[in-house]
Amino acid sequence: HSCALHPNKLLYIGIPRTDLHIIDVQSGRTLNTIALDANEFPTVAISADGGLFAVADWTGLVEIGRCRDQEVFVRIETSTAVTSLAFSPSGSWLALGGADNVVRRIGLRNDYSIDRQALGVQRAKSPINSLSFLPDTDRIVCGGADGYVRVWDVCSERNSCPFLNDKWFRNSPPRDR
């Protein structure tokens, strides 16, 4: 399962081979279920303002929708398993982490369309396990299967954004106590 918490205390849960479930955190009641095509081990994200949700899965399908009417407005097919999703704090970017060692970025317009000029990729050295944007920035922190955490600035004049620090943090084995 994958889940994301909406600012209005709603939990969006993606359950493998089923739909996206929206649950009221306080009551535990299921409020709605959204039928999805991306349901093979889905990953879920919600924008910081609670306006958008995104679901992606191991088939490479990404679905982006509006939380207010719970409608999917765009479907994107990628060439790899999508393992992680993150919206930028402004909601203008959606980052996708892939099993193919690539972080993809998708530009989102205010009218809920895709900004085709703002598509881009950045290659990592291992599959991407997790993504998160740093608060109030367009920098992505991505954790890879190689144990490194890397920072990537998605803003660039040429749509190619190098990692700011290729070995920013390395996971180390626990110390004996």
Which pair of heavy atoms, one from [X] and one from [Y], lies closest together, and at what distance?
X: Val82; Y: Ala56; result: CG1-CB, 3.4 Å
X: Pro89; Y: Phe133; result: CD-CB, 3.6 Å
X: Ala48; Y: Pro7; result: O-CG, 3.6 Å
X: Ile46; Y: Cys67; result: CG2-SG, 4.4 Å

Out of curiosity, [X] [atom1] to [Y] [atom2], how far, rounded to the nearest 0.5 Å?
X: Asn129; Y: Thr83; atom1: CG; atom2: OG1; result: 6.5 Å
X: Leu134; Y: Ile140; atom1: CG; atom2: CD1; result: 9.5 Å
X: Leu96; Y: Ser84; atom1: CG; atom2: OG; result: 9.0 Å
X: Leu94; Y: Ser88; atom1: CG; atom2: OG; result: 8.5 Å
X: Asn32; Y: Ile23; atom1: CG; atom2: CD1; result: 11.0 Å

- Message: Looking at His6 and Gly50, would you say the former's side chain and the latter's main chain have a donor-acceptor pair under 3.5 Å?
- Response: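 At least one qualifying donor-acceptor pair exists.
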- Task: Kindly say whether Thr80 contributes a backbone atom to a donor-acceptor pair with the side chain of Thr78 at under 3.5 angstrom?
- Result: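 Looks like yes, one N/O pair under 3.5 Å.
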Check whether any side-chain heavy atom of [X] lies under 4.5 Å from a side-chain heavy atom of [Y], and answer yes or no.
X: Ser2; Y: Val44; value: yes
X: Leu52; Y: Arg66; value: yes
X: Val25; Y: Leu10; value: no
X: Ile22; Y: Ile34; value: yes
X: Phe87; Y: Asp49; value: no
X: Arg104; Y: Ser79; value: yes
X: Val102; Y: Ile128; value: no
X: Leu131; Y: Leu85; value: no

- Message: Checking Phe53 now: which residues fulfil ring-ring contact (aromatic ring centres under 6.0 Å, His included) with it, not counting sequence neighbours?
- Response: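 Phe53 satisfies ring-ring contact (aromatic ring centres under 6.0 Å, His included) with Tyr12 only.
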- Query: In terms of side-chain geometry, is the basic nitrogen of Glu63 or Arg75 positioned less than 4.0 Å from the acidic oxygen of its partner?
  - Reply: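 Yes.
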